[in-house]
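In what follows, a single structure is set out as structure tokens and then discussed.
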Amino acid sequence: MAARQRINRHDHRYYVEANPVVSDAEYDGLVRELKELEGRFPELQRTDSPTLRVGGQPLDGFRTVEHLRPMLSLENGYSEAEVREFDRRLARLLETDEIEYVVELKVDGVALSLVYESGRLLRAVSRGDGWRGDDVTANIRTIRTIPLAIPYAGRLEVRGEVYLTRADFARINRERLESEEPVFANPRNATAGSLKLLDSREVARRRLLFFAWAGFPEPELASHWETLEFLGRNFFPVNPNIKLVRGVGALLDACAFWAERRRQLSYETDGLVFKVNRLTVQAAVGSTSKSPRWALAYKFPAEQATTRILDILSQVGRLGTITPVAVLEPVRLAGTTVSRASLHNQDEIRRLGVRIGDRVFIEKAGEIIPQVVKVITELRTGTEREFEFPKFCPACRGPLSRAEQEVAVRCTNPGCPAQVKERILHYAGREAMDIEGLGVELVDRLVDLGLVKDAAGLYRLTPG
């Protein structure tokens with residue numbers, strides 16, 4: 001249908017190339033004409049119809065789909081030394097000092113796999129655990145930078161990042177505040193939350209965007225750079241800031257270049273990705289069970305913030321390990337509001353000299369939970385208090401033990417309710433049994449009421 005093809009082409013010109021050739025009124029007229037035609041003849045509506053961009057009826061849930069090939073995570077690097085070691089390791093394997101790399105911005109979003117058959121979008125799957133993810137096709141059709149139809153007629157998998165601009169992230173949070181809904185901590189969380197919405201019409205209002213960073217045409221091309229060019233020719237948005245370079249010096253130059261300039265971008269980025277360019281070399285180098293050896297995600301230096309320690313709590317893990325956690329005056333750090341930070345163990349508290357009431361530096365350096373890195377002793381007032389590590393388990397009052405040559409202190413009571421809860425949560429997690437709806441609050445209630453004493457007890461529950 002000519003109208004459908006024209007609208008898809010105009011979408012690409014407007015949202016990807018930023019070079020429209022028709023007015024908004026003309027574009028709206030084309031869409032209205034197609035919508036009316038499909039209304040009269042529903043059998044003419046195809047899965048690549050631009051009228052699906054606005055979303056359809058709410059879904060009951062998402063089905064789980066296995067990836068065509070694993071979506072491995074990338075090895076992280078945080079310093080010049082780690083970038084040099086990455087290049088040195090490859091140079092030894094490949095017996096060359098001038099490796100060709102592609103440098104890409106690491107957009108702070110959500111990874112996605114798109115599968116096309118005969119030129120049409122067949123399905124879209126979130127990364128999930130790397131082996132399987134959620135089928136979010138209905139939501140992805142609302143993203144106008146993702147083509148619903150492409151010229152390539154063979155089977156094609158495209159991978160990339162779904163993201164939000166800073167401006168749209170701010171808009172969404174303003175709207176949530178007005179509706180008295182909790183705001184999102186950062187654009188990545190907002191993006192992930194948007195993809196999990198069951199109403200694709202609401203997803204359409206979020207204005208998500210997409211950058212493609214990998215493709216698997218059949219047969220494959222000779223290099224990653226050629227693959228990115230191929231994706232661009234087939235109407236996929238490819239980040240314009242990619243660069244083809246040689247040698248580790250060029251990688252370090254890119255790190256320095258983007259360390260400050262990244263703040264001028266319209267979206268968040270937390271680092272760079274370095275990939276060996278030649279696909280035959282990628283195949284020769286191979287992968288570990290977790291990550292490819294031919295790629296490195298360089299993370300920009302961690303942002304720091306200062307705050308005050310209001311208290312120190314002792315948390316009990318599933319293996320009984322007692323971990324001191326600092327309760328902080330809330331502070332913004334790396335795009336999120338932080339109110340807790342790990343102190344790891346009692347030896348670390350002694351090393352830092354941390355006291356309750358201290359002003360401290362905290363940072364995120366690849367940690368999910370921020371950590372305290374320095375005490376500002378010059379600002380002490382004399383009211384600060386030393387933390388006393390518990391002599392008994394804070395959850396069950398059972399005995400604690402510390403093995404020789406270990407820093408960890410553990411509760412030795414296997415029936416400790418805190419350990420039981422953590423073990424059940426671990427068992428129910430996505431990387432284990434993936435039990436939907438079994439979260440912290442429900443596990444707390446089940447254990448506190450004595451209804452469950454271990455993971456096996458979940459299967460003995462009955463309605464009542």
Side-chain angles (χ1 to χ4, degrees), residues 58-64 126 128-129 132-134 176 179-185 189 192-193 195-199 309-328 330 336-346 356 367-370 387-403 408-464:
L59 303 171
D60 293 328
F62 299 101
R63 67 186 181 98
T64 299
S126 64
D129 61 6
R132 57 192 183 130
D134 291 328
R176 292 177 72 83
S179 302
E180 297 185 349
E181 294 179 275
V183 298
F184 290 111
N189 287 351
L195 290 183
K196 295 291 287 183
L197 290 171
L198 295 177
D199 190 344
I309 295 181
L310 303 177
D311 199 359
I312 298 178
L313 305 177
S314 297
Q315 292 187 345
V316 185
R318 66 186 175 91
L319 300 178
T321 304
I322 310 298
T323 302
V325 176
V327 179
L328 310 170
T336 62
T337 299
V338 173
S339 59
R340 296 198 173 199
S342 175
L343 290 168
H344 301 291
N345 52 64
Q346 58 182 335
I356 298 170
E367 300 265 340
I368 296 174
I369 299 177
F387 170 68
E388 293 187 13
F389 202 86
K391 295 180 174 59
F392 300 95
C393 174
C396 71
R397 306 303 297 168
L400 301 179
S401 70
R402 176 175 176 173
V409 176
R410 293 187 171 88
C411 169
T412 59
N413 173 19
C416 171
Q419 292 185 55
V420 171
K421 292 174 183 177
E422 290 298 326
R423 287 197 294 267
I424 293 173
L425 286 169
H426 179 75
Y427 176 83
R430 179 143 199 176
E431 294 184 0
M433 298 304 293
D434 192 16
I435 302 177
E436 187 175 351
L438 190 60
V440 174
E441 291 186 10
L442 181 54
V443 169
D444 282 346
R445 290 174 58 196
L446 291 173
V447 175
D448 292 343
L449 292 172
L451 298 175
V452 171
K453 295 182 179 179
D454 53 28
L458 296 172
Y459 299 97
R460 291 191 288 269
L461 292 172
T462 56

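Bear in mind the structure is a predicted one, so any value in this text is a computation, not a measurement. Along the sequence shown, the residues carry numbers beginning at 1.
The side-chain hydrogen bond (donor to acceptor under 3.5 Å, both in side chains) test applied to Thr321 returns Arg410, not counting sequence neighbours. Residues that satisfy the side chain to side chain contact (heavy atoms under 4.5 Å, CB included) test with Pro324, not counting sequence neighbours, are Ile312, Leu343, Ile349, Phe387, Phe389. Not counting sequence neighbours, the partners of Ser401 by the side chain to side chain contact (heavy atoms under 4.5 Å, CB included) test are Thr412. Residues satisfying the side chain to side chain contact (heavy atoms under 4.5 Å, CB included) test with Arg397, not counting sequence neighbours, are Phe392. Qualifying side chain to side chain contact (heavy atoms under 4.5 Å, CB included) partners for Val316, counting only residues two or more places apart in sequence or in other chains: Ile322, Cys393, Pro394, Ala395, Cys416, Ala418, Gln419.
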Stepwise side chain to side chain contact (heavy atoms under 4.5 Å, CB included) check, Ile309 with Leu328: CA-CA 5 Å; Ile309 295 181; Leu328 310 170; 3.9 Å; yes
Criterion side chain to side chain contact (heavy atoms under 4.5 Å, CB included) on Leu425 and Val440, from CA distance to verdict: CA-CA 7 Å; Leu425 286 169; Val440 174; 4.0 Å; yes
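For the pair Asp134/Arg63, no side-chain contact is recorded, criterion being any heavy-atom separation below 4.5 Å from C-beta on. Taking the side chain as every heavy atom from C-beta outward, Val327 and Leu313 approach each other to under 4.5 Å. At least one side-chain heavy atom of Leu451 sits less than 4.5 Å from a side-chain heavy atom of Leu461. Residues Ser342 and Pro370 have side chains not in contact (no heavy-atom distance under 4.5 Å, counting atoms from C-beta outward).
No more than 12 heavy atoms of other residues, nucleotides or ligands sit less than 6.0 Å from atom CZ of Arg445.
With rounding to the nearest 0.5 angstrom, the OH atom of Tyr427 is 10.5 Å from the CG atom of Leu438.
Pairs of residues two or more places apart, or lying in two chains, that qualify as salt bridge (Lys or Arg N to Asp or Glu O under 4.0 Å) and include a residue from residues 448-458 are Lys421-Asp448, Asp454-Arg460.
A side-chain donor-acceptor contact under 3.5 Å links Asp129 to the backbone of Arg132.
With respect to Leu446, the side-chain contact (heavy atoms from CB on, under 4.5 Å) criterion is satisfied by exactly one of Val420, Leu458, Ile424: Leu458.
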